[in-house]
Amino acid sequence: MFLKLIEDVKKILKDFGDERYIRESEHADLCSTIAFKIAKDTGKDAKIVADEIVEGLTPLGYVSSVHSINGYINFFANEEFLEDTVKSILKDQENYGKLNFKGKVLVEHTSANPDGPLHIGHVRNAVLGDCIARILKKAGYDVLTHYYINDMGRQMAVTYLGYELFGFSDKKSDHAVADSYIKANVELEKRPELEKRVEEIMLKYESLNEEVFEKMRNIVSFALEGIKQTLERLNVWHDEFVWESDFVKNGSVQEILKKLDEKKIVEKDGAWIVRLEGFEKEVILKRENGTTLYIARDLAYHSWKSKFFDRIVNVLGADHKLHASQLLKLLEIIEVKKPEVVFFEFVSLPEGRMSTRKGRYVSADELMEKVKEEALKLLESRDISQKEKDEIAEAVAIGAIRFDFVKVAPEKHITFDWHQALDFERQTASYIQYTHARACSILRKALEYGMQELDFKGDLCNKEERKLVINLSKFPYQLMRAAKDLRPHYIAEYLLSLSSNFNEFYRLHPVLKCEKELRMHRLALVDATRIVLKNGLELLGIKPLEKM
RNA sequence: GGACCCGUAGCCUAGCAGGAUAGGGCGUGGGCCUCCUAAGCCCAAGGUCGCGGGUUCAAAUCCCGCCGGGUCCGCCA
């Protein structure tokens with residue numbers, strides 16, 4: 001509905017309706033700063049320019065009034081806008097917010113090496129990618145998600161070696177794999193002659209040696225089993241798990257190499273080398289021993305992606321920036337559609353960066369367990385069943401973890417802090433879940449008392465209600481911004497502000513105790529808020545609880 | 001050394017196609033449950049928006065330089 005308001009403002013401003021100068025404001029429902037721009041170009045006073053513009057304007061559509069103040073042109077929405085906002089939310093329910101973007105989108109995310117369990121760095125990737133996929137889906141796209149299984153790297157050969165030397169313990173599979181992988185790395189330091197075996201495994205795997213191939217696939221699948229359990233608990237979903245080695249197996253890596261070769265850019269000096277303009281570092285496609293490198297397989301994978309999708313999104317750690325820019329450049333050369341890459345910065349521990357190889361990490365499983373324990377403590381004294389407590393604690397814990405990662409802009413470094421991770425007193429997912437539960441509770445009671453009619457009236461709105469409705473109207477607008485920029489934290493910020501608006505309203509204005517007309521009006525508003533919070537939480541993969 | 005990212009109160013963070021008193025939260029101090037869930041709400045203190053220049057009527061936001069932190073610069077992925 002807010003998008004409609006913007007359209008109306010554009011219409012009112014006519015020639016001055018440049019969208020770049022229309023923005024949200026704390027002083028109005030919308031404002032335009034076009035007068036400042038014109039003042040700059042013409043050398044006039046912005047105040048006077050704004051006054052002159054406003055003189056010639058007539059409000060229309062959802063806009064009730066236009067004012068010029070200090071160069072700003074302020075717009076206010078009318079009561080019809082408030083009513084239509086609430087009505088369309090109540091009508092559309094879970095579909096409220098849906099946009100009409102069209103096309104097929106592939107989102108690849110997480111794609112952690114299957115040499116151990118997911119750690120909190122992978123969680124950032126998984127949550128970001130999963131939220132982006134949810135947002136794009138709500139925006140109208142046909143979305144598919146991929147986990148790219150990096151089964152061909154050196155680290156997998158070391159994992160294989162670890163299995164040969166130590167086997168796997170009976171821990172959760174991904175943790176068992178990590179233990180042997182870590183031990184194998186220690187062993188490699190002590191006995192450098194084992195390097196030969198590592199290389200042999202890599203060579204045999206790439207040449208599809210039957211025994212090594214089968215065993216490697218089993219090891220990787222075993223690790224993946226545990227990883228999938230973790231992802232499921234995190235409420236992160238992948239439609240497909242794609243094996244890197246399949247692109248070797250089906251010949252598409254060779255095809256890509258041929259394509260590049262035809263472009264006459266490959267130097268063959270034993271190894272296959274491409275020197276890209278503007279890059280200080282050359283790209284190696286093939287080693288002297290004939291095996292391919294990651295980038296060769298990645299090119300094949302992206303060539304495949306480009307055939308089926310209109311928009312391709314990759315979520316990657318910032319350490320992949322060089323690789324990604326080289327990949328993009330090579331894709332450009334062979335005329336293949338390029339992906340949009342969403343980078344996120346590192347999650348480190350107070351004692352430094354994490355490393356699976358060195359066994360220095362906080363696993364996602366450990367994080368989920370500890371956060372849940374903490375959530376359970378808060379529920380101890382509540383008069384609800386143990387089963388309910390467990391379900392609530394689980395939803396609160398997963399929500400808190402997801403929210404903590406999605407809330408901060410991806411380009412910010414995160415230093416993981418246990419104290420912060422376990423603190424529910426902060427404004428976090430549980431704040432939004434609690435607000436949602438509050439709304440549900442009022443509606444539940446209303447139903448119990450036989451007060452099921454809802455009837456929102458624009459003219460009954462007080463200050464807090466009006467503010468709340470205006471913010472409710474912004475949900476599709478915020479979704480659009482998040483989908484365009486691939487920045488899910490807009491949604492997190494939005495839900496916090498909406499919760500705050502609702503809690504202010506809740507404190508000052510009783511719902512169930514007022515006379516009928518006002519009660520029906522407020523109940524409608526409570527229900528509309530409930531719906532938007534629910535839809536918003538679902539965009540972030542957080543369970544909207546009805547009781548807490 | 002080069003390239004990229006970050007630097008906003010004691011701590012975490014939003015704002016960064018320039019614009020109205022720099023928003024939140026944690027922590028600190030003080031209030032609010034005979035009333036729809038206090039995982040809530042209100043008030044207060046706390047800010048050279050890393051530093052120095054520049055552009056502009058206007059800079060947290062754009063440009064340049066510096067400082068601090070991170071990442072990358074493998075025939076690893």
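We use all heavy atoms of the structure for the numbers below, so side chains are in, but hydrogens, waters and symmetry mates are not. Letters go in sequence order (proteins before strands), and every chain restarts at 1.
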Exercise for review: Just compare C75(B), A77(B), C26(B) and give me whichever is closest to any side-chain atom of E288(A).
Suggested key: C75(B)
**Study point:** side-chain N/O R438(A) vs G40(B) OP1/OP2, d < 4.0 Å
**Key:** no
Review point. Within the pair H489(A) and G15(B), is there a side-chain N or O less than 4.0 Å away from OP1 or OP2?
Key: yes
Point to revise | N or O in side chain of R353(A) less than 4.0 angstrom from C72(B) OP1/OP2 | key: yes
Exercise for review: Give one of base, sugar-phosphate or nothing for E493(A), where a contact means two heavy atoms less than 4.0 Å apart.
Suggested key: sugar-phosphate
Review point. Is any side-chain nitrogen or oxygen of K412(A) closer than 4.0 Å to OP1 or OP2 of A14(B)?
Key: yes
Check your understanding: Can a side chain N or O of R297(A) be found less than 4.0 Å away from OP1 or OP2 on A77(B)?
Key -> yes
Exercise for review: Can you tell me the pairing partner of U55(B) across any strand shown, Watson-Crick or G-U wobble, with both distances under 3.5 angstrom?
Suggested key: none
**Study point:** Of the listed nucleotides G40(B), C4(B), A17(B), the one nearest the side chain of Y431(A)
**Key:** G40(B)
Point to revise | Pair listing, salt bridge (charged side-chain N to carboxylate O under 4.0 Å, His left out) test, anchored in residues 516-528 of chain A, at least two apart | key: E453(A)-K516(A), K457(A)-E517(A), E465(A)-R522(A), D527(A)-R530(A)
Point to revise | Within residues 414-423 of chain A or reaching into it, pairs that qualify as salt bridge (charged side-chain N to carboxylate O under 4.0 Å, His left out) - sequence neighbours excluded | key: none
Practice item. Look at all strands and tell whether K547(A) reaches a base, only sugar-phosphate, or nothing, counting heavy atoms closer than 4.0 Å. Key: base
Exercise for review: Report the nucleotide, chosen from A3(B), C36(B), C75(B), that has the shortest atom-to-atom distance to any side-chain atom of E280(A).
Suggested key: A3(B)
Check your understanding: Does K281(A) put a side-chain nitrogen or oxygen below 4.0 Å from OP1 or OP2 of G74(B)?
Key -> yes
Exercise for review: Ignoring backbone atoms, test whether R287(A) places a side-chain nitrogen or oxygen under 4.0 Å from the OP1 or OP2 oxygen of C76(B).
Suggested key: yes
Review point. Reckon Y506(A) has a side-chain N or O less than 4.0 Å from the OP1 or OP2 of A38(B)?
Key: yes
Exercise for review: Assign H436(A) to base, sugar-phosphate, or nothing according to its heavy-atom contacts below 4.0 angstrom with the strands shown.
Suggested key: nothing
Study note, to complete from the structure: Closest of A58(B), A20(B), C76(B) to the L293(A) side chain is C76(B)
Check your understanding: Looking across every strand, which nucleic acid part, if any, lies under 4.0 Å from K513(A) by heavy atom: base, sugar-phosphate, or nothing?
Key -> sugar-phosphate
Review point. Want to settle it: does E345(A) or N503(A) sit nearer the 5' end of RNA chain B, counting the closest nucleotide to each?
Key: E345(A)
